[in-house]
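Take a look at the structure below.
These numbers come from a predicted model, not from an experiment.
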Amino acid sequence: MTSLKTKALLIHQRLLDAYGEPVWRTPLPALNELISTILSQNTNDVNRDRAFARLRHVFPTWEAVRDAPAEEVIVAVRVAGLSNQKGPRIQNVLRQITAERGDLDLAFLADLEPAEVKRWLLRFKGVGPKTAAIVMQFALNMPAFPVDTHIYRLSGRLGLRESHISADRAHVVLGELFPPETYYSAHLNIIRHGREICQARKPRCPQCFLSDLCPYPDKTTQ
């Protein structure tokens, strides 16, 4: 019987064979990535990027965002949705960092152990395991396996996790299943597969090159 770790590696290799080594956008500084990821919650990449660009256009520095009237920040990020939550959340994070560190420079995180970085990030209200993992993986080049909606869906359909496991718990489970050196490419390629093939409402099972590894009971036939 194939172990789950072996199965995860096989899935990873097939994704690499199909999609190649993925390259995400140019890495952002840790604080920028943190704010961008807060904006990404419950919206798509396009609206996240539009909100981030608008925020950077309206306010020349993160200090300006921190000190601005709340309503101005809410308006600036409105395209990302839930702006009444995200605007104040961003300002509160910026204020908390300033109160603790004296400035908004997060370069010190690169000198910490990954577990310590994770604990530090998770202290902020509105920053959960996915946000922390994205900052670690993509801004700090630290081993972390972010679990978004696509990865959560596919890992369940492919039988890589038990169905009752929460998205937060899935970060730990999948992080133990995949080797750290695969986190970056596995994360991005699973998301791509979820968008192009294993879609939420009507997965394209006949076109899926993982079908023989997938126990999902509601496979489509056309």
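Taking 4.5 Å as the limit, some side-chain heavy atom of Ile97 sits within range of a side-chain heavy atom of Leu31. Two residues are said to be in side-chain contact when any heavy atoms from C-beta on lie closer than 4.5 Å; Leu15 and His193 meet this criterion. In this structure the side chain of Pro129 reaches within 4.5 angstrom of the side chain of Leu122, judged on heavy atoms. Within the 4.5 Å cutoff, side-chain heavy atoms of Thr220 are placed close to those of Lys202. At a threshold of 4.5 Å between non-hydrogen side-chain atoms, the residues Asp103 and Thr98 do not count as touching.
The backbone N or O of His12 sits nowhere less than 3.5 Å from a side-chain atom of Asn189 that would complete a donor-acceptor pair. Judged by distance alone, the side chain of Asn32 and the main-chain N or O of Leu28 form no donor-acceptor pair under 3.5 Å.
Applying the side-chain hydrogen bond (donor to acceptor under 3.5 Å, both in side chains) rule to pairs touching residues 107-119 yields nothing, sequence neighbours excluded. Contacts classified as ring pair (Phe, Tyr, Trp, His ring centres under 6.0 Å) and involving residues 88-145 (residues at least two apart or in different chains) are given here: Trp24-Phe138, Phe108-Trp120, Trp120-Phe124, Phe138-Tyr184, Phe138-His187, Phe145-Phe178, Phe145-Tyr183.
In this structure, the salt bridge (Lys or Arg N to Asp or Glu O under 4.0 Å) partners of Arg78, at least two apart in sequence or on a different chain, are Glu71. Every side-chain contact (heavy atoms from CB on, under 4.5 Å) that Leu9 has, sequence neighbours left out, goes to Pro179, Thr182. Every residue meeting the salt bridge (Lys or Arg N to Asp or Glu O under 4.0 Å) condition with Arg14, not counting sequence neighbours, appears here in chain and number order: Asp212. Residues forming a side chain to side chain donor-acceptor pair (under 3.5 Å) with Glu176 (at least two apart in sequence, or on another chain): none. The salt bridge (Lys or Arg N to Asp or Glu O under 4.0 Å) check on Glu196 picks up Arg192, with sequence neighbours excluded. Residues passing the side chain to side chain donor-acceptor pair (under 3.5 Å) test with Gln41, sequence neighbours excluded: Arg89, Thr131. For Ser155, the side chain to side chain donor-acceptor pair (under 3.5 Å) partners are Arg161, not counting sequence neighbours. Listed by chain and number, the residues in a side-chain contact (heavy atoms from CB on, under 4.5 Å) with Asn141 amount to none (sequence neighbours excluded). The salt bridge (Lys or Arg N to Asp or Glu O under 4.0 Å) test applied to Arg153 returns no partner, not counting sequence neighbours.
With hydrogens and angles left out, the side-chain atoms of Thr37 and Ser40 include no donor and acceptor closer than 3.5 Å.
Within 6.0 Å of atom CG in Asn42, 12 or fewer heavy atoms from other residues, nucleotides or ligands are found, so the atom counts as exposed in its surroundings. No more than 12 heavy atoms of other residues, nucleotides or ligands sit less than 6.0 Å from atom NZ of Lys5.
Linking ILVMFWY side-chain heavy atoms closer than 4.5 Å, directly or via other members, places Leu158 and Leu188 in two distinct hydrophobic clusters. In the hydrophobic cluster analysis, where Ile, Leu, Val, Met, Phe, Trp and Tyr join through side-chain heavy atoms closer than 4.5 angstrom, Leu213 is grouped together with Ile151.
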Would you check, one step at a time, whether the test side chain to side chain contact (heavy atoms under 4.5 Å, CB included) holds for Tyr152 with Lys130? CA-CA 11 Å; Tyr152 185 72; Lys130 185 182 82 168; over 6 Å; no
Quick one: do Val135 and Val117 satisfy side chain to side chain contact (heavy atoms under 4.5 Å, CB included)? Show the steps, please. CA-CA 10 Å; Val135 172; Val117 173; 5.9 Å; no
Could you please spell out the steps behind the side-chain hydrogen bond (donor to acceptor under 3.5 Å, both in side chains) verdict for Gln96 and Asn92? CA-CA 6 Å; Gln96 186 175 343; Asn92 287 336; over 6 Å; no
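Between Arg195 and Asp45, at least one side-chain nitrogen of the basic residue sits less than 4.0 Å from a carboxylate oxygen of the acidic one, meeting the salt-bridge criterion. Between Arg95 and Glu63 no salt bridge is recorded (no basic side-chain N to carboxylate O distance below 4.0 Å).
Hydrophobic side-chain contacts under 4.5 Å tie Val46 to no other Ile, Leu, Val, Met, Phe, Trp or Tyr residue.
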